[in-house]
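Written out below as structure tokens is the structure these notes cover.
This structure is a prediction, so every number in the text was calculated from the model and none was measured.
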Amino acid sequence: MEKFVMLRFSQLIFTFAIACLSLSGVVQAEGYLTSIGKGADRIPVVVVKGTPYEMGKQQGELIKADATEMIQSLMKKIQTAEPERCSNASLDAAWKAIAPHTDARFKAELRGFAEGTGMSLTLLQRAHALPVVMDYSCSSIAAWGSATKDGHLYQTRNLDWTMELGAQDYPCITVYIPSEGIPHVNITFAGFIGANTGMNAKGIVLSEMGDSPGKDYPFNMNGVHFTTLFRQVMYDADGLEPAIDIFKNAKRMKKYHYVVGDGANLRAVKMLAHAPDLVIWNDNDPKDELAPQVMKNLVYQDEGRGAFQPLQKVYGKIGAPEMIDIACQIPIKGGNILDVVYDATALEFWVSYAEKQTEAYQRPFVHFKLKDYLK
């Protein structure tokens, strides 16, 4: 009887302590680290839950070693290669320019990430300003309805940057389950919380192509950068029209193309965002910059690397294997660090990261199902 009373008393004390901690805001939502793929194809998957700050801190704690190594290595290499453009002063100025236009949730998450990893917030701000001052090119295709074998919306994303910096050796997929907002997944690199591509639980999928050439530098950086804007879209857009509205209302900077797909409502658009202008093309649009090489239920931007003919050959039969095949034909070879093919209707994707000097298009694709992490 005495043991039972003591056990019951201990349980009450524990429950009371948890309640007090909850009221004081100390208890964090649970996050965890897992992976997909095996061996050399293994990709870490971080699942985080809660407020932006909590999710940033959880992620920082879970991938502290890889994130710290990646950020420190990246900064050292890029500041050696580009000592003026990527100097601390240049990156600080870039962050100062974009900060007023950056979603408050992103900045809160970055503070939490700094806390979780032990890296300084200033260092992380500089690292997240690197895409702002750099130039790079990519490609994307979206197909749906009559263009695909099952009507699903499939979308590609080739990220072509530079192999020498080694970001590809720190693959990381982060699943966000926010206390407010739409769950979403960011296919990224350890230490970088901005989104080069991603998908939310409503089937909104995002791809980008950089159009600003090096000769345009120094860029006008007084606006929102797409890597933070994509996170905002994934948090808030439950359909294509709300996503488009976010792009329309954003203060644009530099020159980009975007492909934005909606896997639930089966539609995608291509955008030309050369600040301050924004042009939006639908499928089979005679005004599309690539016309007459356009098709119904399909939009794309391949920067002239030959996607049209392969797409014609598989039109009406497009699925993940066909999209993977075409995606692997159109990257900028020598700098293809990441390829993703989404089935935004089924909320899944296939992803390949480069490894060392073996490019993404040369490596196996690993399958990921977002629904598995939302249960």
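Atom CG in D92 sits 8.0 Å away from atom CD in Q125 (nearest 0.5 Å). With rounding to the nearest 0.5 angstrom, the CD atom of Q59 is 5.5 Å from the SG atom of C172. Between T122 atom OG1 and L91 atom CG the span is 11.5 Å, to the nearest 0.5 Å. Rounding to the nearest 0.5 Å gives a distance of 12.5 Å between CD of E359 and CG of L338. Distance check, rounded to the nearest 0.5 Å: CG of L33 to OG1 of T174 gives 9.5 Å. How far CG of L206 is from CD of Q155: 7.5 Å, rounded to the nearest 0.5 Å.
With T148 contributing its side chain and W144 its backbone, the two residues share no donor-acceptor pair below 3.5 Å. In this structure, the side chain of E180 does not engage the main chain of T51 through any donor-acceptor pair within 3.5 Å. Formation of a donor-acceptor pair under 3.5 Å by the N200 side chain with backbone atoms of H184 is not found in this model. One N or O on the side chain of K254 and one on the backbone of V132 form a donor-acceptor pair closer than 3.5 Å. Of the possible donor and acceptor atoms, one in the side chain of T228 sits under 3.5 Å from a partner among the backbone N and O of H225. Checked by atom type and distance alone, the side chain of N158 pairs as donor or acceptor with a backbone atom of A327 at under 3.5 Å. Panel note: side chain R231, backbone N186; no donor-acceptor pair is recorded below 3.5 Å. The backbone N or O of A354 sits nowhere less than 3.5 Å from a side-chain atom of N336 that would complete a donor-acceptor pair. At least one donor-acceptor pair closer than 3.5 Å links the side chain of S207 to the backbone N or O of T156. Between the Q58 side chain and the Y32 main chain, no donor and acceptor come within less than 3.5 Å of each other.
Note: Y235 and Y176 fail the aromatic proximity criterion, with ring centroids not under 6.0 Å apart.
The closest side-chain donor-acceptor pair between Y342 and T197 falls under 3.5 angstrom. Judged purely by distance below 3.5 Å, without hydrogens or angles, the side chains of N88 and Q79 pair a donor atom with an acceptor atom.
Under a hydrophobic clustering in which Ile, Leu, Val, Met, Phe, Trp and Tyr are joined whenever their side-chain heavy atoms come within less than 4.5 Å, directly or via other members, I193 and I182 fall into different clusters. Under the 4.5 Å side-chain contact rule for hydrophobic residues, V294 and I280 do not share a cluster.
Using cut-offs of 30° and 60° for the angle between ring planes, the Y217 and F219 rings count as perpendicular. Using the six-membered ring where Trp is involved, Y373 and F368 have ring planes that are parallel, under 30° apart on the 30 and 60° scheme. By the 30° and 60° cut-offs, the orientation of the rings of F247 relative to F230 is perpendicular. Note: F106 and W95 have tilted aromatic rings, judged against thresholds of 30 and 60 degrees for the angle between ring planes. Taking the six-membered ring for Trp and thresholds of 30 and 60 degrees, H128 and F192 have nearly parallel ring planes, at less than 30 degrees apart.
A salt bridge between K287 and D285 is absent, with no side-chain N of the basic residue lying under 4.0 Å from a carboxylate O of the acidic one. In summary, E289 and K270 engage in a salt bridge, as defined by a charged side-chain N under 4.0 Å from a carboxylate O.
P213 is linked by a side-chain contact (heavy atoms from CB on, under 4.5 Å) to K215, D216, counting only residues two or more places apart in sequence or in another chain. For E164, there are no salt bridge (Lys or Arg N to Asp or Glu O under 4.0 Å) partners two or more places apart in sequence or in a different chain. With sequence neighbours left out, the side-chain contact (heavy atoms from CB on, under 4.5 Å) criterion links A250 to V224, L229.
The shortest side-chain heavy-atom distance between N282 and V299 does not fall under the 4.5 Å cut-off. With a 4.5 Å cut-off on side-chain heavy atoms, M163 and I337 count as touching. R252 places none of its side-chain heavy atoms less than 4.5 Å from the side chain of D277. In this structure, the side chains of L165 and F189 stay at 4.5 Å or more apart for every pair of heavy atoms. No side-chain heavy atom of P44 sits less than 4.5 Å from a side-chain heavy atom of I63. The shortest side-chain heavy-atom distance between K96 and M221 does not fall under the 4.5 Å cut-off. Side-chain contact check for Q301 versus S140: every heavy-atom pair is 4.5 Å or farther apart. Counting heavy atoms from C-beta outward, Q329 and Q309 have side chains that stay 4.5 Å or more apart.
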Intermediate values then yes/no, side-chain contact (heavy atoms from CB on, under 4.5 Å), E208 and C138: CA-CA 7 Å; E208 169 274 345; C138 309; 4.0 Å; yes

Stepwise side-chain contact (heavy atoms from CB on, under 4.5 Å) check, D211 with H257: CA-CA 7 Å; D211 299 334; H257 275 83; 2.5 Å; yes

Candidate pair Q312 and Q293, rule side-chain contact (heavy atoms from CB on, under 4.5 Å), full reasoning: CA-CA 10 Å; Q312 279 186 311; Q293 293 188 337; over 6 Å; no

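Other cluster members for F365: I141, Y154, L290, M295, L298, Y300, F308, L311, V314, Y315, I318, M323, I324, I326, I330, V341, W350, joined by side-chain heavy-atom distances under 4.5 Å among Ile, Leu, Val, Met, Phe, Trp and Tyr.
Residue T188 comes nearest to G194 through the heavy atom pair OG1-O, 3.7 Å, listed as atom of the first residue, atom of the second, then distance. Minimum interatomic distance between G306 and P310 (heavy atoms only, all atoms of both residues): O-CD, 3.1 Å.
Shown here is K107, whose NZ atom has more than 12 heavy atoms of other residues, nucleotides or ligands within 6.0 Å.
Pairs engaging residues 127-150 under the salt bridge (charged side-chain N to carboxylate O under 4.0 Å, His left out) rule: R85-D135 [sequence neighbours left out]. Within the structure, the salt bridge (charged side-chain N to carboxylate O under 4.0 Å, His left out) test picks out no pair touching residues 325-339 (sequence neighbours left out).
With a 6.0 Å cutoff to the six-membered ring centre and a 45° limit on the axis angle, R157 does not count as a cation-pi contact of F349.
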